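Positions are given from 1, in the same order as the sequence printed here. Values below: all heavy atoms of this structure, side chains included; hydrogens, waters and symmetry mates excluded. The model shown is predicted, which means the values in this text are computed figures rather than measured ones.
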Amino acid sequence: MSITVSLNDNWKMKKAGSQESFDCKVPCSVYKTLLDYKKIPDPYYRENEYISTQICDDDYDFETTFTADKAAVECKNTVLHFDGIDTIANVYLNGIHLGRVNNMHRVWEFPVYGIIKEGDNTLTVKITSPNRYIKEMDEKRHLWGVDSTMTGYTHIRKAHCMFGWDWGVSHS
């Protein structure tokens, strides 16, 4: 028998190192959350994409608190299941590092037996800047990519359209 508990509600997002946090529900994104709180202009309007890309130069933390019952704590097969995390991140439960993720195109699961506790638990996902990551990786080894996108995007397992609208550019 398996029991599924959704942890989609009651998250807080904040820029790493900032005190200002924003309530959100996952799945979401940094852009959607900031847009919901009118902290950025609509990145899909006209050429706002170009003034919005620096937002992902920063790291962001997503955190929630959830309650676990005795059955979840005692079950040796209890896992935290993510249908996706975008993209480079570290996952913590109650301050204990569960793992590092590096691919938005897959499911991630982390066993939590011995870490999850009865009552309140804190789950934190620390997202690393994809812009900084691709820049650092490309400085180590340049990979070819489409000229109309951000240099280095080929180093990351993230939807490439997030680094520029490469399918809409004509190279004639």
Side-chain angles (χ1 to χ4, degrees), residues 6-44 48-66 79-112 115-116 121-166:
S6 173
L7 301 180
N8 291 23
D9 295 326
N10 303 316
W11 285 81
K12 295 220 178 269
M13 182 203 84
K14 69 177 186 172
K15 185 169 135 178
S18 172
Q19 295 303 309
E20 183 178 29
S21 66
F22 305 96
D23 293 332
C24 59
K25 177 180 178 178
V26 297
C28 69
S29 70
V30 169
Y31 285 109
K32 179 187 180 323
T33 304
L34 293 175
L35 192 56
D36 286 349
Y37 284 89
K38 300 182 180 1
K39 295 292 185 179
I40 62 170
D42 185 348
Y44 302 111
N48 283 351
E49 169 192 5
Y50 299 111
I51 63 172
S52 300
T53 56
Q54 77 274 4
I55 290 165
C56 286
D57 289 346
D58 297 310
D59 299 337
Y60 289 86
D61 299 337
F62 288 80
E63 189 168 277
T64 190
T65 300
F66 66 95
V79 296
L80 281 174
H81 173 98
F82 296 85
D83 284 324
I85 298 176
D86 184 9
T87 295
I88 309 295
N90 285 289
V91 179
Y92 299 85
L93 180 61
N94 299 324
I96 297 172
H97 186 248
L98 299 179
R100 180 166 171 82
V101 302
N102 61 1
N103 185 340
M104 81 174 297
H105 303 293
R106 59 162 285 187
V107 167
W108 295 93
E109 288 189 337
F110 300 98
V112 294
I115 300 169
I116 194 169
N121 292 268
T122 301
L123 176 59
T124 307
V125 179
K126 294 182 168 283
I127 305 285
T128 299
S129 162
N131 294 355
R132 190 174 64 248
Y133 177 83
I134 65 172
K135 181 180 182 208
E136 290 170 0
M137 294 304 292
D138 204 65
E139 286 172 357
K140 290 179 184 176
R141 180 172 180 245
H142 177 69
L143 295 176
W144 178 87
V146 178
D147 292 339
S148 61
T149 61
M150 294 173 70
T151 300
Y153 77 92
T154 50
H155 286 281
I156 196 169
R157 293 290 299 146
K158 178 176 175 74
H160 289 173
C161 65
M162 293 178 172
F163 295 104
W165 301 111
D166 55 323

Is the shortest side-chain heavy-atom distance between [X] and [Y] below 4.5 Å?
| X | Y | result |
| --- | --- | --- |
| Glu139 | Lys135 | yes |
| Asn102 | Arg157 | no |
| Asn121 | Ile115 | no |
| Val101 | Arg106 | no |
| Met13 | Leu34 | yes |
| Asn131 | Met150 | yes |
| Asn103 | Trp108 | yes |
| Val30 | Ile127 | no |

What is the minimum heavy-atom distance between [X] and [Y], and which atoms define it?
| X | Y | answer |
| --- | --- | --- |
| Asp61 | Ala16 | OD2-CA, 4.0 Å |
| Ile156 | Pro130 | CD1-CB, 4.0 Å |
| His155 | Tyr133 | O-CE2, 3.6 Å |
| Lys158 | His105 | C-NE2, 3.5 Å |
| Val125 | Ala89 | CG1-CB, 3.9 Å |
| Arg100 | Asn90 | NH1-ND2, 3.3 Å |

I'd like to know if the side chain of [X] and the backbone of [Y] have a donor-acceptor N/O pair within less than 3.5 Å.
| X | Y | answer |
| --- | --- | --- |
| Ser129 | Cys56 | yes |
| Thr64 | Leu123 | no |
| Asp23 | Lys12 | no |

Worked check of side chain to side chain contact (heavy atoms under 4.5 Å, CB included) between Leu143 and Met137: CA-CA 9 Å; Leu143 295 176; Met137 294 304 292; over 6 Å; no
With sequence neighbours left out, the residues meeting salt bridge (charged side-chain N to carboxylate O under 4.0 Å, His left out) with Asp42 are none
Does Lys15, at its NZ atom, have more than 12 non-hydrogen atoms belonging to other residues, nucleotides or ligands within less than 6.0 Å? no
For a quick check under 3.5 Å, do Asn8 and Ser6 share a side-chain donor-acceptor pair by atom type?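 Result is yes, a qualifying pair exists.
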Determine, step by step, whether Phe110 and Leu93 satisfy the side chain to side chain contact (heavy atoms under 4.5 Å, CB included) criterion, reporting the C-alpha distance in whole Å, the side-chain angles of both residues, the deciding distance to 0.1 Å, and the verdict. CA-CA 10 Å; Phe110 300 98; Leu93 180 61; over 6 Å; no
Out of the candidates Tyr60, Tyr37, Trp11, only one should pair with Phe22 under the side chain to side chain contact (heavy atoms under 4.5 Å, CB included) rule; please name it.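 Of Tyr60, Tyr37, Trp11, side chain to side chain contact (heavy atoms under 4.5 Å, CB included) with Phe22 is met by Tyr37 alone.
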